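What follows is a set of notes on a single structure, which appears directly below.
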Amino acid sequence: MYGNDFVPAETPGTAAPAPLDAEVEPGLEDFWRIVREDGRIEPRDVMPEDYRASLIRQIAQHAHSEIIGMQPEGAWISRAPSLRRKAILMAKVQDEAGHGLYLYAAAETLGVDRAELLDQLHSGRQKYSSIFNYPTLTWADIGTIGWLVDGAAIVNQVPLCRCSYGPYARAMIRVCKEESFHQRQGFEALHTLTHGSPAQKEMAQDAVNRWWWPSLMMFGPHDSGAAAGQGHTAKSMAWGVKRFSNDDLRQRFVDMTAPQAEALGLTLPDPDLRWNEQRGHYDFGEIDFTELFEVIRGNGPCNAERMAHRRRAHEEGAWVREAALAYAEKQAQKQAGKQAQSPVQQDAERRTPERVA
Ligand code: FAQ
């Protein structure tokens, strides 16, 4: 019914063709050979400059989404309805911080500094996912984020485990395992509400009504049919970064989620949602992409609040970064001093019992 194993590893996807040998820029033959053979590009490999730049853009945006994504749920840690729910929510929010960490580390392998990426986020030059600009008004929003937002994240990210850039692909494996856990806990939290009192069921339905369309927007604008040439998809697929179009993944998400909503006893807020026997997929209504673009532009309900909170957290954490740097420098000096000592001196130091201050 739910899980992250709905994209079989052998699913071919619809990758755009890599250029023929004759068209390959000199020096990039190995890059294209590795991409064609479905191998992994590693940090020291030669790669096209626009591949590097596009990966930095995508991985940084992804990392920023993980850390900003801690805010809507973090706001409910102190208000979770039981100690068990509080412990689960704390673990989940902490996981998101960890995902940010893996992703910033993956971006750094492309030669960019993490501090520079955070600067770009704080000055609005880099984005984060639109979904985190919506408020969490009730406890049911927390279950709904787990079910729908983490559910959408998994559908989008499982194919990234096979992305052509090694450090990103490897980071995504662990991220997806944890997201799968997150999605299940969200489903379970909502299941409890929909099988509780009428007021609890109503709260769950209200949350799903508010989060459904923004969750569909998470996959990005249309990039198939008439929109096939727009955005980054075609290039990204030729590079083996994206494996499916935004529209294909969105369809997968709807197909996966509609029966789950039925199991929960909830109605998805789309009168056009119905199973299409001929296509073997659910049909669904038109998405209002003007809302997505407005949110991306900074005009969503919580953009200003999220950014203000992030900048404040960064400033308040300055002393931690300074302390960590001072400690690292002290350790490096100690190490350098040790290397300058003779082996006899080093041995004598090892044997000296530690002084108790
Ligand atoms: N929000 O041509 P495309 C999570 C932009 S993590 C904001 O399709 P692309 C876990 C896009 O950047 C959620 N901007 O672009 C969690 C581009 O702008 P540009 C984050 C968006 O890169 C759960 C323009 O529109 N996940 O949820 C959005 O090929 C709970 C054209 O779009 C990832 O980042 C959007 N929704 O495809 C955490 C996954 N959609 O650069 C906490 C990795 C599109 O031209 C709590 N990223 N844009 O100015 C991706 O898969 C891709 O980057 C896409 C966009 C699919 C997001």
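All of these numbers come straight from a predicted model, not from anything done at the bench. Hydrogens, waters and symmetry mates are skipped; everything else that's a heavy atom, side chains included, is used. Every number for a ligand or one of its atoms is a count from 1 in the order of the listing.
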Using a 4.0 angstrom limit on heavy atoms, which residues are close to ligand 1? R57, Q58, Q61, H62, S65, E66, G69, E73, K92, E96, K127, Y128, S129, S130, F132, V149, D150, A153, N156, Q157, L160, Y168, E179, M217, M218, F219, G220, P221, G231, H232, K242, N246, I296

With sequence neighbours excluded, residues passing ring-ring contact (aromatic ring centres under 6.0 Å, His included) with F289: H222

Taking 4.0 angstrom as the limit, do [X] and [Y] come out as a salt bridge?
X: E315; Y: R312; result: no
X: E178; Y: R174; result: yes
X: R250; Y: D223; result: no

Among K86, R85, R79, K92, exactly one meets salt bridge (Lys or Arg N to Asp or Glu O under 4.0 Å) together with E73. Which residue is that?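 Of the listed residues K86, R85, R79, K92, the salt bridge (Lys or Arg N to Asp or Glu O under 4.0 Å) partner of E73 is K92.
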
Do Q120 and H64 pair up side chain to side chain, a donor and an acceptor below 3.5 Å, judged on atom types alone?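 No, no side-chain donor-acceptor pair sits under 3.5 Å.
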
